[in-house]
Amino acid sequence: MTVILWAFTLFHVVVGLASLGLALRLLTPLERSHWRSPLALLVAEFLCWIYPIAAFVGVKSAWAAYATGHHHAIPMLLAPIGWLVLMGLLFAIVDFAEDGILGNARNS
């Protein structure tokens, strides 16, 4: 169980740092000018700013639950990944609703 906790902890640290880097990049005027859909940009920003918080809370709660002997540490570690999946689906729905084409929210 400890190996699984460490693996997910490291995963969340890496993905959380990448998410923060992308969130900071989304604040720059150059990056914002590439986005065709303001709503898709909002969803992307929401995903990038909230994921590190969700990952920190999930990892902290999972380690605390493991330390006290509770058996629900794994769902706590999987909750931030559920956030990524949920926001990815929301982004795809918003992107498709804007123009009927998936993957067209941002210019190259």
Side-chain angles (χ1 to χ4, degrees):
M1 183 67 167
T2 305
V3 173
I4 293 171
L5 284 170
W6 274 111
F8 275 106
T9 299
L10 292 175
F11 171 81
H12 287 310
V13 166
V14 170
V15 174
L17 289 174
S19 180
L20 279 176
L22 181 58
L24 291 174
R25 193 175 104 193
L26 286 173
L27 291 176
T28 62
L30 179 64
E31 181 64 29
R32 294 176 84 76
S33 68
H34 290 294
W35 287 79
R36 294 180 185 167
S37 170
L39 188 57
L41 176 62
L42 179 67
V43 172
E45 287 177 330
F46 195 60
L47 181 145
C48 291
W49 285 111
I50 299 297
Y51 175 77
I53 297 167
F56 177 77
V57 169
V59 166
K60 184 85 171 146
S61 301
W63 279 102
Y66 176 69
T68 59
H70 291 292
H71 300 289
H72 53 277
I74 296 296
M76 290 178 183
L77 287 172
L78 294 178
I81 296 172
W83 172 258
L84 288 177
V85 171
L86 175 71
M87 292 305 289
L89 287 172
L90 182 63
F91 185 83
I93 290 168
V94 166
D95 186 28
F96 188 75
E98 291 275 326
D99 56 6
I101 302 170
L102 284 175
N104 201 25
R106 185 183 182 277
N107 295 329
S108 297

Let's go through F91 and L47 carefully: what are the C-alpha distance in whole Å and the side-chain angles of both, what is the deciding distance for side chain to side chain contact (heavy atoms under 4.5 Å, CB included) to 0.1 Å, and is it a yes or a no?
CA-CA 9 Å; F91 185 83; L47 181 145; over 6 Å; no

Working for side chain to side chain contact (heavy atoms under 4.5 Å, CB included), residues T9 and W63
CA-CA 9 Å; T9 299; W63 279 102; 2.8 Å; yes

Please walk me through it: do L84 and V15 pass side chain to side chain contact (heavy atoms under 4.5 Å, CB included)?
CA-CA 10 Å; L84 288 177; V15 174; 4.2 Å; yes

R32 and E45: CA distance, side-chain angles, deciding distance, side chain to side chain contact (heavy atoms under 4.5 Å, CB included) verdict:
CA-CA 11 Å; R32 294 176 84 76; E45 287 177 330; 2.3 Å; yes

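Considering every non-hydrogen atom in both Y51 and G16, the closest pair reads CE2-N, 3.6 Å. Residues A62 and M76 share a closest heavy-atom pair of N-SD, 3.6 Å.
From E31, atom CD reaches atom CG of L24 across 12.0 Å, with rounding to the nearest 0.5 Å. A distance of 7.5 Å separates CG of L26 from OG1 of T28, quoted to the nearest 0.5 Å. Interatomic distance, CG of L86 versus CD1 of I81, reported as 13.5 Å (0.5 Å rounding). Put simply, CD1 on I74 and CD1 on I4 are 5.0 Å apart, with the number rounded to the nearest 0.5 Å.
Between F8 and F11, the ring planes are perpendicular. Angles over 60° get that label, and only those under 30° would be called parallel.
Of the possible polar contacts, none joining the S61 side chain to the G58 backbone as a donor-acceptor pair under 3.5 Å is found. Here the side chain of H12 pairs a donor or acceptor atom with the backbone of L77 at under 3.5 angstrom.
For the side-chain contact (heavy atoms from CB on, under 4.5 Å) with V43, the lone residue among I93, V94, D95 that qualifies is V94.
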